[in-house]
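Everything below concerns the one structure shown next.
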Amino acid sequence: MTERHLNYIAGEWQPAFSGATFEDRNPADERDLIGLFPDSDAADVAAAVAGVSAAWPAWAAQSPEVRADVLFKTADIMARRADEIASELTREEGKTLTEARNEARRIAANFRLYAGEALRLNGETYPSESGQLVLSVRQPVGVVAVVTPWNFPLSMAARKLGPALAAGNGVVFKPSEITPLMGQRLVEVLLEAGLPPKLVALVQGKGAKVGQAITAQPGVDALTFTGSYTVGKQIAASLSTDTRVQLEMGGKNATVVLADASIDKAVATIERGAFGLTGQACTGTSRVLVARPLYAELVARLEKSAASIKVGPGTAEGVQMGPLATRAQYDKVLAYVGIAREEGGRVVGGDALREADSSLAHGYFVRPAVVSDLPDDSRLWREEIFGPVVAIRPIDSLDEAIRLADDTEYGLAVSLVTGDLPSVLRFARETQHGIVKVNSPTTGVSLNAPFGGLKHSSNQAAKEQGGANVMDFYSRIKSIYLGA
């Protein structure tokens, strides 16, 4: 019997008011129906916002210790359930069990970090020529709408829900329609940890209607979104001027390999950044710029390395790369491989494995692709693909490396492979990216460090994840003047 899942609104698990549902299927085997989820609309969103609006002031009035305690308990429950939830994540999103376990176990650390932030919501005092005591305090924003992507459905949600709740806000949570079960599991854990039942609302839905309803709701005080630039731009344009918005969007990330680099290190760095997580990471490596003396050898080594990657269901023994998350992603990646060939590029890999291997016939499996010899105006070089496809071209100087790495509308992550310290310092200073990695992949970031990009990768309202300003988006600063 097909399991029917529910929204969580005003402290009650309930279907969409319309009764509509959508299917959630396993990308490794599209015959596997995970369940039916509510296909919500504006009526569900209105009820969710109203419920959270009524609940958050009582949470804001609680002591920081109370809020921190709930988040610490959330971390403990997530740590206990990590392997169980990781198995569900692999079934729902497709990443390998190792990748899923890494994400699920990291959530406990995320919530411990934000529990600590609840205790560090400090204000400041200022000298005053009038003799008054001038001080600032941090207060919650109010109702925070959280809209998350499917590629890290636990991690992205935790680093938005965690600080929002730590600051004393209420949350209306819209997870991706591709990973609705992970959104539900996170809400279940928060409630088990003792979060007041009406403080968070879970609104599931397919397509743009839920997001559009959220941006149209006057009771939403802030909205945080991670996803594509196209959708982020639409969100920003549709919000009222008094609604604060945080947007983390796409990337077209490059790894630069200088002439002194170790080929072994370069290959390992690029392979992990480009093909880990099936290439479905906003910080994933999709471009490589390599010093001309190393170009031919690096291309050959990467082609061989990509061909050796074992592709299959994330639960299978020895699998290194799972399926793409949806049929749309599968079709998009194959289309870009076709574009690369039309543009005259040398393409190794990029095969549609569901047609080539009967054991993979019901999943969205592709072989990772290495593309070289592309023209300067290549679409493959400039457009975000979000899959296991990496394009390579030679460079003749550090100046050219910086220019080409920055020659994109995005500015999220960039990596440099070299042992030359002056080149590292200059590259890190000059490149227009929010994250600069040296001798490590573009993917993989510290949970206590600021996260965010430049240009079309972010609206730069506030940094995500960690660092001194992580709570800036989720709190307002009020200045108070105390006179005798």
Side-chain angles (χ1 to χ4, degrees), residues 229 248-274 276 281-299 301-302 370-372 374 376-378 380-384 390-446 448-460 462-469:
Y229 172 72
E248 291 298 333
M249 297 169 283
K252 190 66 178 174
N253 313 296
T255 291
V256 175
V257 182
L258 298 187
D260 71 301
S262 158
I263 287 284
D264 289 341
K265 180 181 285 292
V267 170
T269 298
I270 296 162
E271 181 182 281
R272 181 176 168 190
C282 58
T283 55
T285 301
S286 60
R287 299 181 296 150
V288 175
L289 297 156
V290 56
R292 195 174 295 275
L294 303 182
Y295 178 73
E297 183 180 357
L298 185 66
V299 170
R301 289 279 300 274
L302 278 176
V370 177
V371 184
S372 54
L374 285 167
D376 290 345
D377 60 350
S378 163
L380 193 83
W381 186 260
R382 305 195 66 83
E383 298 175 9
E384 186 178 32
V390 64
I392 311 174
R393 67 172 50 177
I395 52 170
D396 294 304
S397 67
L398 182 60
D399 284 338
E400 186 181 21
I402 294 171
R403 178 178 63 79
L404 290 176
D406 288 350
D407 186 22
T408 168
E409 63 185 357
Y410 299 107
L412 183 51
V414 67
S415 176
L416 178 67
V417 185
T418 183
D420 183 60
L421 182 58
S423 295
V424 168
L425 294 176
R426 183 181 164 208
F427 187 86
R429 182 176 63 249
E430 295 184 12
T431 188
Q432 296 301 300
H433 289 77
I435 300 169
V436 181
K437 307 285 288 294
V438 178
N439 295 322
S440 60
T442 52
T443 53
V445 291
S446 296
N448 60 340
F451 178 95
L454 305 176
K455 299 188 281 188
H456 282 183
S457 292
S458 173
N459 71 335
Q460 301 164 54
K463 290 290 187 179
E464 276 202 323
Q465 193 157 289
N469 69 345

Q) Can a donor-acceptor pair be found between the side chains of Asp406 and Thr431 at a distance below 3.5 Å? A)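 Yes.
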Can you tell me how far apart [atom1] ([X]) and [atom2] ([Y]) are? Round to the nearest 0.5 Å.
X	Y	atom1	atom2	value
Lys252	Leu380	NZ	CG	5.5 Å
Leu258	Leu398	CG	CG	6.0 Å
Lys437	Thr442	NZ	OG1	7.0 Å
Glu409	Tyr229	CD	OH	7.0 Å
Ser378	Glu383	OG	CD	8.5 Å
Ser423	Asp260	OG	CG	7.0 Å

Q) Where do Arg301 and Asp264 land on the salt bridge (Lys or Arg N to Asp or Glu O under 4.0 Å) test, with the steps shown first? A) CA-CA 9 Å; Arg301 289 279 300 274; Asp264 289 341; 2.6 Å; yes
Hey, is the main chain of [Y] close enough, under 3.5 Å, to the side chain of [X] for a donor-acceptor pair?
X	Y	value
Gln432	Glu430	yes
Gln465	Ser446	yes
Thr255	Ile270	no
Arg272	Thr443	no
Ser262	Lys265	yes
Arg393	Trp381	no
Ser415	Ser440	yes
Asn459	Glu248	no

Heavy atoms only: give me the nearest [X]-[Y] pair and the separation to one decimal.
X	Y	answer
Ser457	Gly251	OG-CA, 4.2 Å
Ala405	Val414	CB-CG2, 4.3 Å
Leu294	Val290	CB-CG2, 3.9 Å
Asp407	Arg287	O-NH1, 4.2 Å
Leu412	Cys282	CD2-O, 3.2 Å

Q. Asn253 and Thr283: side chain to side chain donor-acceptor pair (under 3.5 Å), yes or no, with the steps?
A. CA-CA 6 Å; Asn253 313 296; Thr283 55; 5.6 Å; no
Q) For Arg426, does the CZ atom sit with more than 12 other heavy atoms under 6.0 Å from it, leaving out its own atoms? A)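 More than 12 within 6.0 Å, yes.
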Q: Only counting residues at least two apart or in another chain, list the ones meeting side chain to side chain contact (heavy atoms under 4.5 Å, CB included) with Arg403.
A: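 Glu400.
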Q.
Just to verify, what does Asn448 make a side chain to side chain donor-acceptor pair (under 3.5 Å) with, not counting sequence neighbours?
A.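 By the side chain to side chain donor-acceptor pair (under 3.5 Å) rule, Asn448 matches no residue at all.
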Q. Side chains of Val436 and Leu416: does their closest heavy-atom pair fall under 4.5 Å?
A.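 No, every pair of side-chain atoms sits at 4.5 Å or beyond.
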Q | Pairwise side-chain contact, Thr269 with Pro441, heavy-atom cut-off 4.5 Å (strictly under) | A |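 They are in contact (side-chain heavy atoms under 4.5 Å apart), so the answer is yes.
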Q: Give me the ring orientation class for His456 and Tyr410: parallel if the planes are under 30° apart, tilted from 30 to 60°, perpendicular past 60°.
A: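 Ring orientation of His456 relative to Tyr410: perpendicular.
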